[in-house]
Amino acid sequence: MSDLVSAAARLSAARSIMIIPGFGVAAAGVAPQLAVLAAILRRRGAAVVFGVHPVAGRFPGHLNFTLSQVGIGADDQVRVFAATDLEDHDLIMAVGAYDIINPDLTMIILPTDRTMIITRGVDALGYSLLTNPDVGSLPTLSGPLDQTLATLIAAIIGSGP
Amino acid sequence: MSYGRGVQLAIGVERPEERRTPLVAADLAALATAGHLVEAPSSRTDLLLGIGPATSDDLRLLRPGAATLSLISADLGTQALRRERGILGWSLDRIPRSTAAQSMDALTSQSMIIGYRGAMVGLGRLRRFVPLAMTAAGTVGPATVVVLGAGVAGLQAMSTCVRAGARVLAYDVRASAASEIGSVGATYLELDLPPLEGAAGYARTLDADRSLLQQERLLPYVAAADLVITTAMVPEHPAPLLVSEAMWRSMRPGSVVVDLAAEAGGNVAGTRLGASMVVDGITLWAEFDVASQLAESASQLLSNNIRAVIEHLARCRAAGTVDSDPILAAMRR
């Protein structure tokens with residue numbers, strides 16, 4: 001099973017999903033694809049929320065702005081700060097985030113057993129220029145964000161109604 | 001400084017125009033729970049809190065070894081008094097832009113407020129519709145906004161104007177600005193000037209030739225804009241001149257220029273610093289105390305920053321690292 005098919009299967013099976021977007025989502029302009037993905041997963045009965053870290057993006061409120069521009073409203077956005085904020089979700093999907101999910105920077109420490117990372121490149125460093133050891137070692141889809149998300153959405157749609 | 005169990009805090013006197021408060025009720029309560037009490041300034045005070053620099057009258061109430069913590073660096077007028085009385089000063093505007101110090105970064109939290117306020121004021125002063133609407137009675141909008149400077153205030157101003165439906169164009173001297181400007185749905189203005197990068201993510205000053213060339217290449221964009229918002233500030237320096245009088249005079253009557261760097265001397269020539277005025281139909285807004293105009297949100301964020309510094313200071317005190325801590329060292333003046 002390819003990484004992509006496996007990722008689509010995990011998203012389809014999950015009942016409660018938190019999507020954590022980083023600056024990469026804003027820079028690559030892929031927030032519309034996240035909104036589509038969330039809508040598909042919700043239609044299949046999953047709960048989907050967007051987790052925003054207080055320092056995600058390049059200015060305070062950056063990711064809140066990016067999400068609101070694609071119709072992901074305040075009620076679908078939660079502040080992610082402590083490890084307990086991740087507890088209630090059976091799948092955590094980080095997208096276009098590198099520094100805020102770096103365990104060495106201790107902002108968000110992703111659980112090893114229920115995490116998926118979508119990144120533009122395993123070595124595509126963030127603002128801090130520090131390497132994130134989780135990227136590539138935890139389940140990771142790497143490549144242009146728009147292509148990865150398009151393929152993932154197609155795989156989920158192809159897997160059933 | 002002797003802290004005992006908690007830090008003895010006091011709140012200093014501010015200028016009447018300052019409508020923010022350094023500690024809101026929720027943070028006062030949280031600090032009190034942790035054993036840090038707020039009283040009137042006295043010889044018992046460990047730390048005098050303020051937004052502007054501490055006044056001479058307040059400094060005279062403190063004992064030697066006490067300290068002040070304010071958003072804005074001390075004015076030179078009280079330096080001699082501080083030395084004479086042995087009072088240490090920490091400035092929130094010198095907190096490094098690092099991960100560890102992020103919760104204390106008052107410059108960022110207040111810049112965000114200033115950028116938002118500047119955009120709302122500028123959009124509000126326009127005489128025209130902002131978003132695009134194609135109607136049976138004709139098409140209105142979108143308004144065109146040019147934002148100069150893509151730091152926290154600039155990015156916040158851009159995103160606010162994008163939310164309102166404006167077409168937003170932006171420029172910054174830093175090479176990293178293009179992707180950041182694009183990330184909020186604004187268009188980066190490529191002026192074909194060599195990029196410049198300052199220390200620690202801040203801009204630096206330009207030489208005179210480059211500055212004139214920049215003005216020349218910005219002119220057509222400024223002339224076509226309905227609203228220009230300038231946000232360029234260089235730490236410890238006067239704000240750079242970005243918009244000459246000839247540039248804003250090329251704008252249509254009804255246009256608006258908002259200079260958010262007015263307190264640092266302004267990015268726009270020919271404004272009245274600290275005021276707004278209309279010249280030949282063009283509104284020039286260069287008011288001071290911009291963050292105070294949104295005092296509720298500004299105070300909420302600033303108070304959180306100050307509480308984080310106090311908690312950090314208490315931890316350093318307990319660990320005996322007050323003199324070696326890099327964050328406190330950067331804030332000391």
Side-chain angles (χ1 to χ4, degrees), chain A residues 21-32 34-35 52-74 79-82 95-109 120-121 124-132 144-146, chain B residues 96-116 119 131 147 149-166 168 170 172 174 176-188 200-201 231 297-298 300-302 304-305 308:
Chain A
F23 175 70
V25 168
V30 295
L34 290 184
V52 177
H53 190 272
V55 303
R58 290 293 184 273
F59 64 100
H62 192 168
L63 270 301
N64 303 114
F65 161 74
T66 302
L67 295 174
S68 74
Q69 286 296 101
V70 296
I72 299 165
R79 181 176 184 263
V80 180
F81 195 61
V95 186
Y98 197 92
D99 287 341
I100 56 167
I101 57 164
N102 185 339
D104 296 337
L105 293 172
T106 66
M107 287 184 269
I108 295 172
I109 298 179
R120 73 189 156 97
L125 304 186
Y127 189 78
S128 75
L129 301 178
L130 298 173
T131 300
N132 181 340
L145 294 181
D146 55 347
Chain B
R97 265 194 185 165
S98 67
T99 304
Q102 221 124 24
S103 62
M104 310 174 208
D105 189 350
L107 203 53
T108 290
S109 75
Q110 301 305 293
S111 295
M112 164 201 172
I113 299 276
I114 289 167
Y116 177 78
V147 178
V152 170
L155 289 168
Q156 181 66 50
M158 288 172 220
S159 67
T160 303
C161 292
V162 167
R163 274 193 218 260
V168 181
D172 189 287
R174 292 170 300 126
S176 59
S179 80
E180 295 175 0
I181 288 167
S183 79
V184 293
T187 302
Y188 174 66
T231 69
S297 296
Q300 181 195 337
L301 301 180
L302 179 61
N304 262 303
N305 297 137

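By convention in this document, chain letters (A, B, ...) are assigned in the order of the sequence lines, proteins followed by strands, and residues within each chain are numbered from 1.
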- Message: Between Ser128(A), Gly61(A), Ala26(A), who has the most heavy-atom pairs with chain B when the cutoff is under 4.5 Å?
- Response: Ala26(A)
- For Ser68(A), is it the side chain, the backbone, both or neither that has a heavy atom under 4.5 Å from a heavy atom of chain B? side chain
- Query: What part of Gln102(B) gets closer than 4.5 Å to chain A, counting heavy atoms only: side chain, backbone, both or neither?
  - Reply: side chain
- Item | Between OG on residue Ser103(B) and CG on residue Asn304(B), distance to nearest 0.5 Å | 8.5 Å
- OG1 (Thr108(B)) and CD (Gln156(B)) are apart, to the nearest 0.5 Å, by 11.5 Å
Hey, can you pull the donor-acceptor pairs under 3.5 Å for the side chains in residues 102-109 of chain A, sequence neighbours left out?
unit_1, atom_1, unit_2, atom_2, d
Asn102(A), OD1, Asp104(A), N, 2.9
Asn102(A), ND2, Thr131(A), O, 3.2

- By side chain to side chain contact (heavy atoms under 4.5 Å, CB included), which residues pair with Ala170(B), not counting sequence neighbours? Val147(B), Met158(B), Ile181(B)
